[in-house]
Protein chains: 2
Amino acid sequence: MKPITMTSATNFWADLPSGSDGEEVFEEILKSGNVRIERISSSSGQISPENFWYDQPENEWVILLQGEAIIGFTDGVETRLKNGDYLFLPAHQKHRVLYSSKEPPCIWLAVFWET
Amino acid sequence: MKPITMTSATNFWADLPSGSDGEEVFEEILKSGNVRIERISSSSGQISPENFWYDQPENEWVILLQGEAIIGFTDGVETRLKNGDYLFLPAHQKHRVLYSSKEPPCIWLAVFWET
């Protein structure tokens, strides 16, 4: 009879950054082919600087797994996100973080891919 | 002054299937380019049938966001997953579900892509 080896998977919630430096922390979980998966943490209520827009060459699908946030778009739309809310941000759809909660910190799971 | 429109994002936890039919439910969240994102729910403690192996042409990255499960591999390794645990399953890495919890039901977020 074949022996069975029990293993544990990697956990998304392990080793969260302390965020004491006040920066958003981008951690690569996986990169394979044209796909990259990241954990993004902001623990100090970070928002995007005035007049700053994310303008990315990759498509992004992002889900907020902890915290609350507001994402702003160039047409004036503001999208409020709470735990479990997700957004698809096609490449070059400009957006910025208008609000991110501090308690609890925002933890995002993001998938990026070029097409 | 430009008016501000507040919108809500789609929520991952909304409208979970009742699962009363005893099947795993695969729901497409997004398909764009070579990437597909799905929510997978199993609410009846489903396991893969005897001698059945998932053998997929796409790479898969999957995270268990609720419940507990055990995934088995052809080399006899069994990987136990709890909330937040994730696995990368390269294309054609055969695997099967050996256990999935009923209380709470297993809810997975899966990203599939061809390379």
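Residue numbering restarts at 1 for every chain, and letters A, B, ... go by the order of the sequence lines. Computed from a predicted structure; not experimentally measured.
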Going only through I, L, V, M, F, W and Y residues with side-chain contacts under 4.5 Å, is there a path from B:Phe112 to B:Phe88? no
Are B:Ile37 and B:Val25 joined in one hydrophobic group, where the rule is that I, L, V, M, F, W and Y side chains link up if heavy atoms are under 4.5 Å apart? no
Answer with side chain, backbone, both or neither: which region of B:Tyr86 has an atom nearer than 4.5 Å to a non-hydrogen atom of chain A? both
Heavy atoms from other residues, nucleotides or ligands near NZ of A:Lys31 exceed 12 (cutoff 6.0 Å): yes
A side-chain contact here means heavy atoms from C-beta on lying under 4.5 Å apart; do B:Asn34 and A:Asn34 qualify? yes
Does B:Asn11 reach the main-chain N or O of A:Asn83 with its side chain, forming a donor-acceptor pair under 3.5 Å? yes
B:Glu60: which residues meet the salt bridge (Lys or Arg N to Asp or Glu O under 4.0 Å) condition with it, sequence neighbours left out? none
Greatest number of heavy atom pairs closer than 4.5 Å to chain A - which of B:Ile71, B:Thr115, B:Thr79: B:Thr79
Taking transitive links into account, so neighbours of neighbours count too, which hydrophobic residues share a cluster with A:Ile70 at under 4.5 Å side-chain distance? A:Leu98, A:Tyr99
Check for a donor-acceptor pair, side chain of B:Trp113 on one end and backbone N or O of A:Ser32 on the other, with a separation under 3.5 Å. yes
Linking I/L/V/M/F/W/Y whenever any side-chain heavy atoms sit under 4.5 Å apart, do A:Leu30 and B:Val35 land together? yes
One should read off an interatomic distance between B:Leu81 CG and A:Thr10 OG1, to the nearest 0.5 angstrom, of 9.5 Å
I need the contact set between residues 61-69 of chain A and chain B: heavy-atom distance under 4.5 Å, sorted by residue number. A:Trp61, A:Ile63, A:Leu65
More than 12 non-hydrogen atoms from neighbouring residues, nucleotides or ligands closer than 6.0 Å to CZ on A:Arg36, yes or no? yes
Path from A:Phe26 to A:Phe12 over hydrophobic side-chain contacts below 4.5 Å: no
hydrophobic_cluster_shared for B:Trp53 and B:Val97, side chain cutoff 4.5 Å: no
Report, in residue-number order, which members of residues 101-111 of chain B are under 4.5 Å from chain A by heavy-atom distance. B:Leu109, B:Val111
